[in-house]
Number of protein chains: 2
Amino acid sequence: MGSPWKAISDGNRRKILMLLKKKDMNPTAIAKHFDFTLPGLSAHLRILKDANLVIERKQGQHVLYSLNKKGSVEMIRFFVNVWGYEINSPKSIPL
Amino acid sequence: MGSPWKAISDGNRRKILMLLKKKDMNPTAIAKHFDFTLPGLSAHLRILKDANLVIERKQGQHVLYSLNKKGSVEMIRFFVNVWGYEINSPKSIPL
DNA sequence: AAAATACTTAAATATCTAATTAATTAAATT
DNA sequence: AATTTAATTAATTAGATATTTAAGTATTTT
């Protein structure tokens, strides 16, 4: 289980998350939005997956990636604790 | 202006922020909570300061550090945009 | 079954980051 | 004025991170 903080500290990975917010995508489709190679992207996706920030599911030959809220909870909790942000999500986020 | 994401990605720096939440502190006092040296801590504080996550003010021979909410806003905004968290801060955080 | 497509893993490398010791600046105390 | 205390800057080093090319695995198509 990798650190979500390390995962999200990279600008390219944050951009990947922004893309996945709009719709689930496979690596090849995601890669079109970046300058680096597919293996490079694959490494980023693995880091996001290990941090529970994305989920992958196989669809035949393709692999679809989608957002996973789980890994974000620990981070939100930190913002609540340190800066006093108040979150409206009594159910989904146990703080 | 350094990246708040990079600043917060380090566990020691997050611990510093947790300490400053309780009370304002100077580098020597903060350093007692860690294993590394004062110059090491000084580097961490500079990174937090450059990211607008802390503020420093001189008090004679001492330098007091305290939390700065400013640098956290960009990050919270990301959580709102990507994972749909809802924040209760209509005034302080323009989303 | 051969070829093409989609993706990951491996190996190598260049850059970034965190930490240390030594030197420097500045304020308070003796 | 000399010394102690507080903190930062500089130079160095070890380890982590991002990226590339080349090789490998799996699925679909011909």
ask   = So A:Leu20 and A:Ser66, side-chain contact (heavy atoms from CB on, under 4.5 Å) or not? Walk me through it.
value = CA-CA 6 Å; A:Leu20 292 179; A:Ser66 52; 5.9 Å; no
task = Show your reasoning for whether side-chain contact (heavy atoms from CB on, under 4.5 Å) applies to B:Leu45 and B:Ile30.
result = CA-CA 10 Å; B:Leu45 289 171; B:Ile30 297 171; 4.2 Å; yes
ask   = Base, backbone or nothing for each nucleotide of nucleotides 25-30 of chain C, written B, S, -, heavy atoms under 4.0 angstrom, 5' to 3'?
value = --BS--
ask   = Contacts to DNA chain D from residues 38-48 of chain B, heavy-atom cutoff under 4.0 Å, which residues?
value = B:Leu38, B:Pro39, B:Ser42
Within residues 1-10 of chain B, residues whose heavy atoms come under 4.0 Å of DNA chain D = none
message = Run the side chain to side chain donor-acceptor pair (under 3.5 Å) test against A:Asp50 and tell me which residues pass, sequence neighbours left out.
response = none
inquiry  = Taking the ring centre of each residue, are B:His44 and B:Phe34 less than 6.0 Å apart?
reply    = no
Side chain A:Lys15, main chain A:His33, donor-acceptor under 3.5 Å = yes
remark   = The correct set of residues in residues 14-33 of chain B placing a heavy atom under 4.0 Å from DNA chain D is B:Asn26, B:Pro27, B:Thr28
task = Quickly work out the A:Phe36 CZ to D:dT21 P distance and round it to whole Å.
result = 14 Å
query = Counting only side-chain N and O atoms of A:Thr37, is one of them less than 4.0 Å from OP1 or OP2 of D:dT20?
reply = yes
task = Would you please test A:Leu48 and A:Ile8 for side-chain contact (heavy atoms from CB on, under 4.5 Å) and show each step?
result = CA-CA 8 Å; A:Leu48 289 170; A:Ile8 212 168; over 6 Å; no
query = Distance-only, no hydrogens or angles: does the B:Ser9 side chain make a donor-acceptor pair with backbone N or O of B:Lys6 under 3.5 Å?
reply = yes
key: Interatomic distance, A:Asn12 CG vs D:dT20 P [rounded to whole Å]   = 10 Å
query = Among A:Glu56, A:Arg57, A:Lys49, which residue meets the side-chain hydrogen bond (donor to acceptor under 3.5 Å, both in side chains) test with A:Tyr65?
reply = A:Glu56
ask   = D:dT8 phosphate, OP1 or OP2: any side-chain N/O from B:Tyr65 under 4.0 angstrom?
value = yes
Interatomic distance, A:Phe34 CZ vs D:dT20 P [rounded to whole Å] = 12 Å
request  = Indicate the atoms forming the closest heavy-atom contact of B:Val82 with A:Lys21, along with that distance.
outcome  = O-CG, 3.9 Å
task = I would like to know whether A:Leu53 and A:Met75 meet side-chain contact (heavy atoms from CB on, under 4.5 Å); could you show each step before the answer?
result = CA-CA 11 Å; A:Leu53 295 176; A:Met75 294 189 285; 4.0 Å; yes
ask   = Who pairs with B:Trp83 by side chain to side chain donor-acceptor pair (under 3.5 Å), at least two apart in sequence or on another chain?
value = none
Donor-acceptor pair, side chain of B:Arg13 and main chain of B:Ile47, under 3.5 angstrom = no
query = Taking the six-membered ring for Trp, is the centroid-to-centroid distance between A:Tyr85 and B:Tyr85 below 6.0 Å?
reply = no
